[in-house]
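Reckoned from all heavy atoms, side chains included, excluding hydrogens, waters and symmetry mates. Labels below follow one simple rule: chain letters A, B, ... track the order of the sequence lines, proteins then strands, and each chain is numbered from 1.
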Protein chains: 2
Amino acid sequence: MASASLPTITPTATDVVDNSYLRTLVGYNARRASLSIIEVFMERMAVYGLKVVDFSVLSLVAHNPGITSRQLCATLGVLPPNLVGLIAALDRRGLIERRPHPSDGRAMGLHLTPAGEDLCAQAEQTAATLEIDATARLTATERKTLIRLLQKVYD
Amino acid sequence: MASASLPTITPTATDVVDNSYLRTLVGYNARRASLSIIEVFMERMAVYGLKVVDFSVLSLVAHNPGITSRQLCATLGVLPPNLVGLIAALDRRGLIERRPHPSDGRAMGLHLTPAGEDLCAQAEQTAATLEIDATARLTATERKTLIRLLQKVYD
DNA sequence: TATTGTTATACTCTATAACTATA
DNA sequence: TATAGTTATAGAGTATAACAATA
């Protein structure tokens, strides 16, 4: 970190990039904000050995015991072939279980193991803290407004 | 499209996935909104043979004549090796030119060709329209608020 | 005939190491 | 010594086709 009393390298005029046009676009701003939050998300979830999608899967299974792979795919926008390895890995780690679906012989109902419940609860607590930190420049009211407007875009 | 008068397949209770927890997270909402806008962006930019990054590069070069690859990388969060092919392709299409940098012999200043200026102007017009369409459920005021809050997150 | 879960595979995007030429 | 641009390559993420078992 540079001390305030030290001379700083002043960028020349040609070093300053004018991105004011891109900043008028909702898509550009949504993508940049999204990436900046997800960056923090990935850092803190690495402690649990979870990627962003792993967390989403774990959390959805926690709140929807018996959910199928198909339902996870539809909810998260992941294609079935790309969920197979992910589910298998969580299974191998002893975090989730695949049980035969009660009414559909083709499907498997997903459930958290006790270890999975523990990890998910911890991860969700971390997520709650992280969310505040990653959007620290927002007031609580602004954060609620932001979420409401974002949902209005994609709902 | 199903007519409103036709009987619809009513999903059973087990089909309804509870994602209310994920919806409390700014990151989840930012990512979903971001993807829904970028989806429309990609569709409409395909007409010009441009991907999202191509558009950003073209627009930044338009508003910053003589900008270097390095500056583009820093502004867009793209790694230098991944920009090389992209720039080369735009060059081959006759949309941009690489001229020797006036003060740094290692760098190349990027400039739009007349064809590039034309395409960029059209694409920016399309982007402006698309933005409104992709966020049609927002009022103009809400759209401005959304952009302000998103910038507060990543700035 | 349609759907769930799966395998295999291809394509795109992103990341790392190392080189060259210039600063 | 450090930086701009480049090459080659590896890894992650995302896509389609096709199959077995079940609806």
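Between A:Glu97 and A:Leu110, the closest side-chain pair of non-hydrogen atoms is not below 4.5 Å. Side-chain contact check for B:Leu58 versus B:Ile96: some heavy-atom pair is nearer than 4.5 Å.
Between the CD1 atom of A:Ile96 and the C1' atom of C:dG5 there is a distance of 14 Å, given to the nearest Å. Atom-to-atom, CG of A:Asp54 to C1' of D:dG13 comes out at 13 Å; the value is rounded to the nearest Å. Rounded to an integer number of Å, the gap from B:Leu83 CG to D:dT7 P is 13 Å. If you measure from atom CZ of B:Arg98 to atom P of D:dA4, you get 16 Å, rounded to the nearest angstrom. As a whole-Å value, the separation of B:His101 NE2 from D:dT3 P is 16 Å. Taking atom CD of residue A:Gln71 and atom C1' of nucleotide C:dG5, one finds them 14 Å apart after rounding to whole Å. The distance from atom CD1 of A:Ile38 to atom P of C:dC13 is 17 Å, rounded to the nearest whole Å. Counting to the nearest Å, the P atom of C:dT12 and the CG atom of A:Asn82 are 15 Å from each other.
Note on A:Leu90 and A:Val52: same hydrophobic cluster, where clusters join Ile, Leu, Val, Met, Phe, Trp and Tyr whose side-chain heavy atoms are under 4.5 Å apart, directly or indirectly.
Side-chain proximity of A:Leu79 to D:dA15, C:dT14, C:dT6: nearest is D:dA15. Residue A:Pro81 has its side chain nearest to C:dT7 when only D:dG5, C:dT7, D:dA21 are considered. Distance from the side chain of A:Ala107 is smallest for C:dT4 among the nucleotides D:dA8, C:dT4, D:dG5.
With no hydrogens or angles considered, a side-chain donor-acceptor pair links A:Thr135 and A:Arg143 at under 3.5 Å.
Along DNA chain C, the nucleotide closest to A:Arg106 and the one closest to A:Pro80 are compared, and the more 5′ of them pairs with A:Arg106. Mapping A:Lys51 and B:Arg70 onto DNA chain D by nearest heavy atom places B:Arg70 closer to the 5' end of the strand. The residue among A:Val53 and A:Gly105 whose nearest nucleotide of DNA chain D lies closer to the 5′ end is A:Val53.
Using a 4.0 Å cut-off between charged nitrogen and carboxylate oxygen, A:Arg137 and B:Asp155 do not count as a salt-bridge pair.
Within 3.5 Å, no donor on the side chain of B:Asp104 pairs with an acceptor on the base of D:dA4, nor the reverse.
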